[in-house]
Amino acid sequence: MHMGEYAMRDFNELSAGQHQRVMIARGLAQMPDLLMLDEPTSNLDIYHQIYTMQLLHEIAHERGIMVLIICHDLNTASRFSDRVIMFSKGKVRADGTSKEVITPEIISEVYKVKADVQEVDGRPYVIFHAGELDIHDDPENDQYMAQTGMEPDNETEEASTAEA
């Protein structure tokens with residue numbers, strides 16, 4: 001993973017992306033049969049996201065290890081995964097190849113958003129229709145507020161939405 005330049009630096013001096021790369025390299029150095037990673041491309045620039053996912057995919061196939069990745073980016077999951085398992089409300093909603101799992105119907109059901117799915121390089125590629133999402137009609141947010149007893153604060157809600 002080209003991490004030699006970080007070998008003598010204090011871990012706390014590294015950026016968040018460098019932390020991420022160091023932790024992945026440490027996991028790979030242990031030569032595991034199973035490598036579990038939670039959002040391994042978070043805090044990485046696009047080059048290092050692609051580099052990391054390609055490397056993990058190649059290592060999985062070359063060494064015969066299983067790489068289990070939690071990833072919320074459907075396009076990244078589609079491009080680099082041999083198998084995709086999509087969860088909804090803590091249960092498996094779909095399990096199969098990216099073509100079997102990443103479909104407009106399943107995306108709509110799980111995420112409550114409209115999306116087009118096109119094929120790029122033999123894999124599904126998702127294009128979301130963000131303008132069609134009603135951010136004020138969120139049943140999960142209503143459930144959260146009911147569970148916590150919090151009252152909606154429209155001014156705070158709008159401010160946080162504008163920043164997103």
Side-chain angles (χ1 to χ4, degrees), residues 1 16-17 19-28 30-148 150 152 157 160-164:
M1 288 195 65
H19 282 177
Q20 191 77 337
R21 292 175 58 210
V22 167
M23 296 307 292
I24 293 169
R26 288 176 66 182
L28 290 170
Q30 296 177 36
M31 303 295 285
D33 293 327
L34 169 65
L35 183 62
M36 295 175 57
L37 302 167
D38 185 5
E39 298 287 348
T41 58
S42 66
N43 300 314
L44 298 180
D45 62 53
I46 190 68
Y47 172 84
H48 287 102
Q49 288 177 25
I50 294 168
Y51 175 87
T52 299
M53 294 303 292
Q54 281 181 337
L55 179 68
L56 292 169
H57 190 262
E58 287 175 16
I59 288 172
H61 286 271
E62 289 172 4
R63 295 186 189 172
I65 66 171
M66 180 182 292
V67 178
L68 176 64
I69 296 174
I70 297 169
C71 179
H72 293 92
D73 182 335
L74 297 179
N75 290 322
T76 298
S78 174
R79 172 61 184 93
F80 296 103
S81 301
D82 297 326
R83 177 177 172 192
V84 176
I85 303 171
M86 189 176 297
F87 289 83
S88 178
K89 299 179 183 174
K91 296 184 179 165
V92 173
R93 166 52 187 91
D95 180 357
T97 66
S98 58
K99 286 183 182 182
E100 295 167 334
V101 174
I102 300 175
T103 66
E105 297 78 22
I106 294 174
I107 291 168
S108 176
E109 180 185 323
V110 171
Y111 296 103
K112 310 294 187 255
V113 297
K114 184 177 178 186
D116 291 327
V117 177
Q118 299 177 356
E119 190 169 309
V120 177
D121 295 330
R123 302 273 185 153
Y125 185 82
V126 181
I127 301 169
F128 295 102
H129 295 250
E132 297 177 23
L133 180 66
D134 183 359
I135 61 172
H136 301 290
D137 183 25
D138 183 355
E140 288 185 19
N141 190 43
D142 293 343
Q143 289 173 354
Y144 171 79
M145 288 185 194
Q147 290 171 354
T148 62
M150 293 178 60
E157 201 171 334
S160 65
T161 302
E163 294 175 14

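Both backbone and side-chain heavy atoms feed into the values below; hydrogens, waters and symmetry mates do not.
Of the possible donor and acceptor atoms, none in the side chain of Gln118 sits under 3.5 Å from a partner among the backbone N and O of Tyr125. Listed for the Ser81 side chain is a donor-acceptor partner under 3.5 Å among the backbone atoms of Ala77. Remark: side-chain polar atoms of Asn75 are paired, donor with acceptor, to backbone N or O of Val126 under 3.5 angstrom. Not one N or O on the side chain of Ser88 forms a donor-acceptor pair closer than 3.5 Å with the backbone of Val110.
Other residues, nucleotides and ligands contribute over 12 non-hydrogen atoms within 6.0 Å of the CD atom of Glu119.
Applying the side-chain contact (heavy atoms from CB on, under 4.5 Å) test to Glu100 and every residue at least two apart in sequence or in another chain returns Thr97. In terms of the salt bridge (charged side-chain N to carboxylate O under 4.0 Å, His left out) criterion, residue partners of Arg93 (sequence neighbours excluded) are, by chain and number, Glu109. Take Arg83 and apply the salt bridge (charged side-chain N to carboxylate O under 4.0 Å, His left out) test, not counting sequence neighbours, and it matches Asp95.
Between Leu68 and Leu34, the shortest heavy-atom contact is CB-CD1, 4.3 Å.
Ile50 places none of its side-chain heavy atoms less than 4.5 Å from the side chain of Arg79.
Atom CG of Leu55 is separated from atom NE2 of His48 by 11.0 Å, given to the nearest 0.5 angstrom. The CD1 atom of Ile65 sits 8.0 Å away from the CE atom of Met31 when rounded to the nearest 0.5 Å.
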